Amino acid sequence: MKLADLRRVGRAPVVPLRVDWFEQQVVVDHWLRVLPGLRYVGRALWNQRTVLVKLLVGKGVARAFRQELDGAKTLAQADIVTPKLLESGCNAQGAWLIFEFLESAESLGHAWAAVVEEPMLSAAQRGILSEALGVMAHMHLQGVWQADLHLDNLLRHQQQLYVVDGGGVEHERIAQPLSRARVIENLAVFFAQLPAALTPWYAELLDVYSAQNATVTLKASDLDDDIARIRRWRLKDWMSKVGRDCSQFSVRHSLSGLTAVVRGQLAKLQPVLESPEEWMERGKALKRGGTATVVEAVVNDQRLVVKRYNIKSVGHWLTRFWRPSRAWHSWAQGHRLRFLGIDTPQPLAVIERRRAGLRGRSYLITEHGGNEDIIQRFAAYVDSSPSESDLQALDRLFAAFVREQVSHGDLKGHNILWQHNHWVLIDLDAAQQHSNPRRWRQAYARDRARFLRNWPSDSALYRLLDQRLPSVPA
């Protein structure tokens with residue numbers, strides 16, 4: 001295949017794939033990242049050597065190539081450990097950059113995923129973040145920063161950390177420390193991508209950074225405004241993706257319906273997407289109500305929950321057809337809550353049936369959230385106290401409600417499940433994040449009161465939870 005032809009191969013080019021230009025060629029055997037029609041990054045064979053290749057095509061090739069090339073050269077010039085650039089070029093077909101391939105390298109993002117469920121700033125988490133902050137401190141001392149530095153751009157290889165992705169690398173003056181303003185901005189970008197629950201430990205993490213870059217004196221409060229601004233932008237960007245076809249989601253619209261699926265689940269869920277009613281019949285019933293039917297199903301060895309939102313009558317349809325379905329609301333809010341660090345089963349797909357564009361039945365497919373709800377788990381402790389680990393998990397859940405100004409809308413005990421040492425929320429039909437503080441306080445007060453009503457008001461458990469949970473802010 002010619003380099004220019006990559007523009008037409010879509011999201012998943014078949015491998016192995018030979019790509020050639022002039023007298024150069026690579027044979028790609030594994031894609032690492034694909035932006036259709038623009039950028040293709042993969043592991044390849046070149047001159048009988050395994051390499052990492054970046055192939056750029058389509059609109060803006062010259063500019064993208066220059067950014068990548070300048071970034072790679074800047075890292076090398078600033079003595080930042082980075083994969084060696086072996087070959088590069090740009091012509092009418094497109095552009096290419098060929099780097100040494102770090103066999104068996106692991107990104108810090110992958111390492112973080114393995115420990116993210118541990119208590120905040122556990123020893124393992126602290127170790128990973130200390131490694132990342134050490135690299136950032138070294139880059140800043142050399143006058144260099146990566147505009148979108150995140151843990152996946154740092155690779156561990158043979159006990160050495162490598163910085164990758166030169167496209168986002170910028171500099172002020174090589175070998176001269178970065179300005180204070182630039183340091184704050186870059187650290188804020190990094191912290192904004194970490195779980196918000198880590199906020200109380202920012203000062204400790206900044207001490208790790210300052211121990212290796214003493215040219216600036218920083219307090220956690222110096223970063224607050226920038227972190228909040230970047231988090232707002234990242235959330236807005238993420239929520240814009242859940243409803244459009246992109247790298248993360250496959251979304252199809254038509255007059256007969258809408259289907260949105262987590263892209264990585266598309267093949268596994270195809271049987272349900274093609275015939276959701278069949279799986280509603282085959283699944284184990286969890287709830288059979290007038291407005292919703294919920295079943296548990298096992299699809300391709302994956303345990304799922306399929307929820308159908310019913311249309312009870314013509315009158316009911318008249319109140320629903322013109323607005324987003326409850327399935328869509330739950331899909332969007334599920335992704336919002338997970339982004340904000342609030343546990344809920346991952347929404348995997350949503351289906352809306354339509355006639356002439358008017359909405360009818362809809363379906364939501366999620367991961368299974370667990371078998372034991374909070375009523376069952378606390379049943380033996382109505383007149384005593386549950387375990388401290390259970391209570392601390394509840395503390396974290398309500399602290400996240402307050403931090404993110406989120407309300408659930410129906411905190412009955414059956415909507416709060418226990419899974420992997422966390423409380424998991426289900427039934428997100430009424431969940432929302434509030435922009436108006438007064439309305440959030442009202443919604444939070446209702447949530448808190450509804451949650452406490454799961455137990456008798458004269459019970460020891462009720463009194464314990466009432467004392468422990470955050471009260472409504474003044």
Side-chain angles (χ1 to χ4, degrees), residues 10-12 33-36 38 109 113 116 148 150 152 192-196 229-270 272-273 276 292 299 302 304-309 320 322-354 357 359-369 400-401 403-409 424-435:
R11 292 187 179 276
R33 188 184 182 200
V34 172
L35 293 178
L38 295 173
V116 70
D148 187 27
H150 50 79
D152 281 323
Q193 298 180 64
L194 299 176
R229 173 179 54 80
I230 295 165
R231 279 195 178 134
R232 287 194 298 271
W233 177 86
R234 292 187 71 241
L235 176 60
K236 182 179 179 181
D237 180 64
W238 177 247
M239 294 307 297
S240 74
K241 293 178 179 178
V242 304
R244 62 180 171 86
D245 201 62
C246 60
S247 298
Q248 289 82 13
F249 302 101
S250 171
V251 180
R252 296 289 179 267
H253 295 265
S254 72
L255 288 176
S256 61
L258 172 148
T259 302
V261 191
V262 173
R263 188 169 291 282
Q265 294 285 331
L266 188 56
K268 292 181 181 179
L269 295 181
Q270 201 60 42
V272 188
L273 301 177
V299 183
Q302 189 173 8
L304 306 174
V305 170
V306 184
K307 185 173 185 178
R308 182 183 67 207
Y309 293 85
R320 301 299 319 178
W322 51 273
R323 53 181 169 163
S325 67
R326 288 175 294 158
W328 180 262
H329 181 84
S330 296
W331 160 264
Q333 295 310 311
H335 286 293
R336 180 189 297 274
L337 294 189
R338 288 174 64 85
F339 188 93
L340 295 173
I342 299 174
D343 289 312
T344 187
Q346 184 183 12
L348 301 177
V350 62
I351 304 168
E352 287 185 353
R353 296 297 190 216
R354 299 181 182 181
R359 296 175 180 85
R361 274 183 174 178
S362 57
Y363 305 81
L364 178 70
I365 305 166
T366 72
E367 292 179 334
H368 194 274
F401 285 162
R403 182 185 69 239
E404 305 297 347
Q405 297 207 342
V406 163
S407 64
H408 179 272
V424 177
L425 298 178
I426 62 171
D427 198 2
L428 306 181
D429 298 22
Q432 61 178 308
Q433 186 179 31
H434 300 261
S435 58

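Note that the coordinates shown come from a computational prediction; the quantities given were computed from them, not determined experimentally.
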Quick one: are Ser362 and Ile351 in side-chain contact, heavy atoms under 4.5 Å? no
Quick check: do Val424 and Pro345 have side-chain heavy atoms less than 4.5 Å from each other? yes
Val262 versus Pro347, closest heavy-atom pair with distance: CG2-O, 3.4 Å
Minimum side-chain heavy-atom gap His434-Ser407 below 4.5 Å: yes
So Asp245 and Arg252, do their side chains get closer than 4.5 Å, heavy atoms only? yes
Of Arg338, Arg336, Gln333, which meets side chain to side chain contact (heavy atoms under 4.5 Å, CB included) against Thr344? Arg338
Taking all atoms of both residues into account, what is the closest heavy-atom pair of Trp328 and Ala260, and its distance? CZ3-CB, 4.1 Å
Between Gly334 and Leu428 the two heavy atoms that sit nearest each other are CA-CD1, 3.5 Å
Interatomic spacing from CG in Asp237 to CD1 in Ile230 - rounded to 0.5 Å: 13.0 Å
Considering only heavy atoms from C-beta outward, does the side chain of Leu425 approach that of Phe401 to under 4.5 Å? yes
Of all heavy-atom pairs linking Val242 and Trp331, the shortest is O-NE1, 3.1 Å
Is the gap between the ring centers of Phe249 and His335 under 6.0 Å? yes
Rounded to the nearest 0.5 Å, what's the gap from NE2 on His329 to CG on Leu364? Could you check? 11.5 Å
Quick one: NZ on Lys307 to OG1 on Thr366, what's the gap to the nearest 0.5 Å? 9.0 Å
Backbone N or O of Cys246 within a donor-acceptor pair of the Arg263 side chain at under 3.5 Å? yes
Would you name the heavy atoms of Val34 and Gly10 that are closest together and state the gap between them? CG1-O, 3.8 Å
Student check: side-chain heavy atoms of Gln302 and Leu348 closer than 4.5 Å: yes
Any side-chain heavy atom of Ile342 sitting closer than 4.5 Å to one from His408? no
Is there a side-chain contact (heavy atoms from CB on, under 4.5 Å) between Leu269 and Leu304? Walk through the geometry before answering. CA-CA 10 Å; Leu269 295 181; Leu304 306 174; 3.5 Å; yes
Does this structure show an ion pair linking Asp152 with Arg33, if we count only N-O contacts that are shorter than 4.0 Å? no
CZ (Arg234) and CZ (Phe339) are apart, to the nearest 0.5 Å, by 4.0 Å
Below 4.5 Å, heavy atoms only, C-beta onward: do Gln265 and Ile365 meet side chain to side chain? no
Can you name the nearest heavy-atom pair linking Arg353 to Leu273, along with the distance? NH2-O, 4.3 Å
Interatomic distance, CZ@Arg11 vs CG@Leu266, rounded to 0.5 Å, equals 11.0 Å
Measuring from atom NE2 of His150 to atom CG of Asp148, what distance do you get when rounded to the nearest 0.5 angstrom? 4.5 Å
